[in-house]
Amino acid sequence: MIHNIEEKQKMYKRQSPDAGMFSEEELARLIEQVEEHQMLHAPAHLKENVLCQVRKQRRTAQKLQLFSYRAKVLTGMAAALAVLFLVPVGERETNPVSDSNTKQVSWQEDVDEIQKEALERQEKIEQTWQKYQEEQEKAEAREAYFNDIEHRIRGLAQRIF
């Protein structure tokens with residue numbers, strides 16, 4: 001019966017406002033437990049796994065951003081071309097037939113020039129994107145190289161110590 005009273009007193013002490021604090025007995029037990037058994041350690045490749053997941057998320061975000069940018073550019077180009085073909089340019093003369101042929105040829109030349117400029121801009125965008133991807137690949141290769149060196153150094157340090 002006395003044993004039950006002591007257990008209840010311990011239980012009330014745990015439920016007191018100082019519940020976050022260890023009693024001296026509990027602290028001594030914890031110290032003994034840590035000395036006898038080692039504490040839990042994080043998995044060996046946890047950092048690498050987390051960094052790998054972050055890199056994947058960044059790549060996915062970059063791809064999504066690129067897709068969004070390309071979609072906006074293509075939509076803008078389609079709208080510009082639609083406006084060019086649907087909106088009449090200047091006033092038309094109904095009398096002279098030869099003037100209408102001349103205007104039609106110059107109008108077609110203007111359209112061809114605009115299409116040519118649009119294609120040149122698209123090629124520049126593609127070249128810029130290619131350079132960006134190459135730089136990203138180089139950066140990833142560099143990072144993987146340094147991670148490999150770091151891993152080897154840590155392995156060597158573990159073997160030495």
Side-chain angles (χ1 to χ4, degrees), residues 1-87 89 110-161:
M1 187 119 184
I2 295 173
H3 183 68
N4 288 339
I5 294 173
E6 290 177 0
E7 290 294 324
K8 286 185 180 182
Q9 286 176 349
K10 287 181 182 178
M11 186 175 72
Y12 288 132
K13 285 181 183 177
R14 288 185 191 136
Q15 294 175 354
S16 70
D18 299 330
M21 305 292 289
F22 287 117
S23 67
E24 290 182 24
E25 296 169 354
E26 292 171 338
L27 188 58
R29 265 190 266 133
L30 178 65
I31 292 171
E32 289 175 20
Q33 206 173 30
V34 169
E35 288 175 353
E36 290 175 8
H37 309 289
Q38 288 192 355
M39 299 294 284
L40 294 176
H41 295 285
H45 300 288
L46 180 65
K47 180 181 177 183
E48 292 175 19
N49 290 340
V50 169
L51 290 175
C52 184
Q53 288 177 355
V54 167
R55 279 188 222 114
K56 285 180 183 178
Q57 289 175 352
R58 284 183 183 167
R59 278 190 224 126
T60 305
Q62 287 173 348
K63 287 180 182 179
L64 182 62
Q65 189 177 14
L66 174 65
F67 176 76
S68 172
Y69 175 73
R70 284 183 175 179
K72 289 177 185 176
V73 169
L74 288 175
T75 305
M77 288 175 57
L81 288 174
V83 167
L84 284 175
F85 287 116
L86 297 177
V87 174
V89 179
D110 291 342
V111 170
D112 289 342
E113 185 178 329
I114 292 171
Q115 287 177 345
K116 188 177 181 180
E117 288 175 3
L119 289 174
E120 288 174 358
R121 280 192 216 123
Q122 185 63 30
E123 287 176 7
K124 286 180 183 178
I125 290 170
E126 291 293 329
Q127 289 173 353
T128 304
W129 175 246
Q130 187 67 27
K131 287 178 185 177
Y132 173 76
Q133 283 182 327
E134 290 172 359
E135 289 174 6
Q136 289 298 318
E137 289 173 2
K138 288 178 184 177
E140 289 174 5
R142 254 185 265 121
E143 189 173 337
Y145 177 75
F146 286 124
N147 284 341
D148 183 46
I149 291 174
E150 179 184 356
H151 181 69
R152 288 182 183 186
I153 290 173
R154 286 188 180 170
L156 180 63
Q158 288 177 353
R159 280 188 246 137
I160 291 174
F161 299 111

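Just so it is clear, the values below take in all heavy atoms, side chains as well, and ignore hydrogens, waters and symmetry mates.
- Here the CD-NZ distance, from Q127 to K124, works out to 8.5 Å after rounding to the nearest 0.5 Å.
- Annotation: the span from H151 atom NE2 to H45 atom NE2 amounts to 5.5 Å, rounded to 0.5 Å.
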- Please walk me through it: do K63 and L66 pass side chain to side chain contact (heavy atoms under 4.5 Å, CB included)? CA-CA 5 Å; K63 287 180 182 179; L66 174 65; 5.7 Å; no
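- Residues meeting the salt bridge (charged side-chain N to carboxylate O under 4.0 Å, His left out) test with E137, sequence neighbours left out: none.
- Dense packing is recorded around CZ of R55, with more than 12 heavy atoms of other residues, nucleotides or ligands lying under 6.0 Å away.
- Residues passing the side chain to side chain donor-acceptor pair (under 3.5 Å) test with Q62, sequence neighbours excluded: Y132.
- Taking CG of L156 as the start and CZ of R159 as the end, the distance is 6.0 Å to the nearest 0.5 Å.
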- Audit row: R70, E126, salt bridge (Lys or Arg N to Asp or Glu O under 4.0 Å) steps and yes/no: CA-CA 10 Å; R70 284 183 175 179; E126 291 293 329; 3.4 Å; yes
- Item | Stepwise side chain to side chain contact (heavy atoms under 4.5 Å, CB included) check, M77 with V73 | CA-CA 6 Å; M77 288 175 57; V73 169; 3.9 Å; yes
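- Residues D112 and K116 have side chains not in contact (no heavy-atom distance under 4.5 Å, counting atoms from C-beta outward).
- With hydrogens and angles left out, the side-chain atoms of Q53 and Q57 include no donor and acceptor closer than 3.5 Å.
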- Query: So E150 and R154, salt bridge (Lys or Arg N to Asp or Glu O under 4.0 Å) or not? Walk me through it.
  - Reply: CA-CA 6 Å; E150 179 184 356; R154 286 188 180 170; 2.7 Å; yes
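- In the displayed structure, E24 atom CD is contacted under 6.0 Å by at most 12 heavy atoms of other residues, nucleotides or ligands.
- In this structure, CG on L51 lies 9.5 Å from CG on L46, to the nearest 0.5 angstrom.
- To the nearest 0.5 angstrom, E120 atom CD is 7.0 Å from E123 atom CD.
- Atom CG of L27 is separated from atom CD of E32 by 10.5 Å, given to the nearest 0.5 angstrom.
- The closest side-chain heavy-atom distance from E48 to C52 is not below 4.5 Å.
- With a 4.5 Å cut-off on side-chain heavy atoms, K72 and T75 do not count as touching.
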